[in-house]
Amino acid sequence: MPVGWFIVPYKRDLLDTSPTRYCAMGDFTDVIRADGGAWSETEVLGNRAVVKVRASDMTLTTIALAPGFRRLLKSRLNDSLSDLTPAQRRALRDELEAMGYPLSEIRSRLGNDLGPFTLGDVLRFAATRRIKPRYDQSTDTILLDGPIQPCRSVDSVDVEVVG
Amino acid sequence: MTFPTTGVLDDFNRADQTENLGSNWTVPLVNGQGSPGIISNTLYDASPNDSAYWNPITPGPDSEVYIDVSTKQTNNTSINLELRVVDPGLTTRDGYDIRMRASATTDAFQIRRIDNGTATALGADFSQEWSAGDSWGFEAIGSTLAAYYKTGGSWAQLGTRTDSTYSAAGRIGIITNDATWRGDNFGGGTVVAEGGQPAMLRTQGVPTGAGRRDRPGGWN
């Protein structure tokens, strides 16, 4: 069964009486399971998760259309990014910036062009850190302004969802 | 897989109490909540959204917690078990949680990380129907968090999640969010290694038999 990597936002679980958020891939759990598939994630910066999904091609295509979801163009961590167009590589770099990584840090780790790197290189960089959340009762919002915390490794996500 | 490895801590077999579980419990576990109570020798949600933690021990870091379901909760409400909790009762509460949410479609277990009192679901729910007489369990060994369910006398692991954010010992406790639900035989502690005895039993003089799930230890 095919697999796909996604960058996915977190959502507020409004059914819960306490402040709760979940990876929005959870909205597709039933359809993924109906395919005999599975998903796993690691939280990264910017209230986002890097998610690996095993599901039918049709389901992966449907998921990619969800608001705020981005399907990455490679499916294995050791896939080279060299055959992506410059615009596609730039879009991937922009995704890292949108998470909150400074361009200088991206360039320091991955250079000015992602061509020489693999999908795994980029996702491992994306999972460099995340921010500890807290709940602000006065505004009923979950804020991400706490100390830096480590992420679950992308490689452990990779082995949990096998194609 | 052996679960649980520790004994019952509280069978709630004592006089009815409104918003009071006795001196071995501290309330609330969740900042701003009230205290569960005891009715007909079971634990119940005495006011909307109650929580408490077991205060004689700080299990772990490898720890487990479990409870029997005497009466199932109403749909769209949840009961939670927590472990490795630090700063219980404060807005800075950290640790891990398993939420058992009843639904008109399919009941589900959800493993979550708690950061500053905010829950973040870890992966997908585990779909599993339950009913009165069943039991729920939660275990943390290293960075592996496991959901357990018992029906018909046999425990089964529903699945695991991986998170290494909170690796230290912490409190175990319960959150109740439904007035219909009743629970019994709250248990847990430091996970006992195969053929061994939990450190907390060796150091705190728990009554004989407390390490056995079938013989309540008489803590209450």
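Each chain gets a letter, A, B and so on, in the order its sequence line appears, and its residues count up from 1.
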Quiz item: So what's closer than 4.5 Å to chain A heavy atoms on Thr106(B): side chain, backbone, both or neither?
Solution: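 Nothing of Thr106(B), per the 4.5 Å heavy-atom cut-off to chain A.
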Quiz item: What part of Thr162(B) is in contact with chain A, defined as an atom under 4.5 angstrom from a non-hydrogen atom: side chain, backbone, both or neither?
Solution: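 Both backbone and side chain.
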Self-check item: Residue pair Arg99(B) / Ser18(A), side-chain donor-acceptor N/O under 3.5 Å
Solution: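 Distance-only check fails for Arg99(B) and Ser18(A).
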Which atoms of [X] approach chain B - backbone, side chain, both or neither, heavy atom under 4.5 Å:
| X | answer |
| --- | --- |
| Thr29(A) | side chain |
| Leu15(A) | both |
| Glu160(A) | side chain |
| Asp30(A) | neither |

Exercise. Measure the spacing between CG of Asn49(B) and OG1 of Thr17(A) and express it to the nearest 0.5 Å.
Key: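 Rounded to the nearest 0.5 Å, the CG-OG1 separation comes out at 4.5 Å.
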Quiz item: Once you round to the nearest 0.5 Å, how far does CD of Gln110(B) lie from OH of Tyr22(A)?
Solution: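 So the CD of Gln110(B) and the OH of Tyr22(A) are separated by 10.0 Å.
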Quiz item: Above 12 or not: heavy atoms from other molecules or residues under 6.0 Å from CZ of Arg12(A)?
Solution: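 Yes, CZ of Arg12(A) has more than 12 neighbouring heavy atoms, counting only those of other groups under 6.0 Å.
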Taking the side chain as everything from C-beta on, heavy atoms only, tell me whether [X] gets closer than 4.5 Å to [Y].
| X | Y | result |
| --- | --- | --- |
| Ser127(B) | Arg33(A) | yes |
| Arg134(A) | Asp115(B) | no |
| Arg152(A) | Asp163(B) | no |
| Arg130(A) | Thr165(B) | yes |

Quiz item: Hey, which of Gly117(B), Ala119(B), Pro48(B) has the most heavy atom pairs under 4.5 Å with chain A?
Solution: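 Heavy-atom pair counts peak at Ala119(B).
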Quiz item: Would Tyr10(A) and Thr120(B) count as a side chain to side chain contact (heavy atoms under 4.5 Å, CB included) if you check the C-alpha gap in whole Å, the side-chain angles of each, and the deciding distance to 0.1 Å?
Solution: CA-CA 9 Å; Tyr10(A) 277 85; Thr120(B) 300; 3.7 Å; yes
Quiz item: Under the side chain to side chain contact (heavy atoms under 4.5 Å, CB included) criterion, do Asp94(B) and Lys132(A) qualify, and how do the steps go?
Solution: CA-CA 10 Å; Asp94(B) 292 336; Lys132(A) 184 175 182 176; 2.7 Å; yes
Exercise. Before accepting this row, confirm whether a basic side-chain N of the pair Asp16(A)/Arg101(B) lies closer than 4.0 Å to the acidic partner's carboxylate O.
Key: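 Answer for the salt bridge query: no.
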Quiz item: Can you tell which of Gln137(A), Glu41(A), Met25(A) has the highest number of heavy-atom pairs within less than 4.5 Å of chain B?
Solution: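 Greatest number of close heavy-atom pairs with chain B: Glu41(A).
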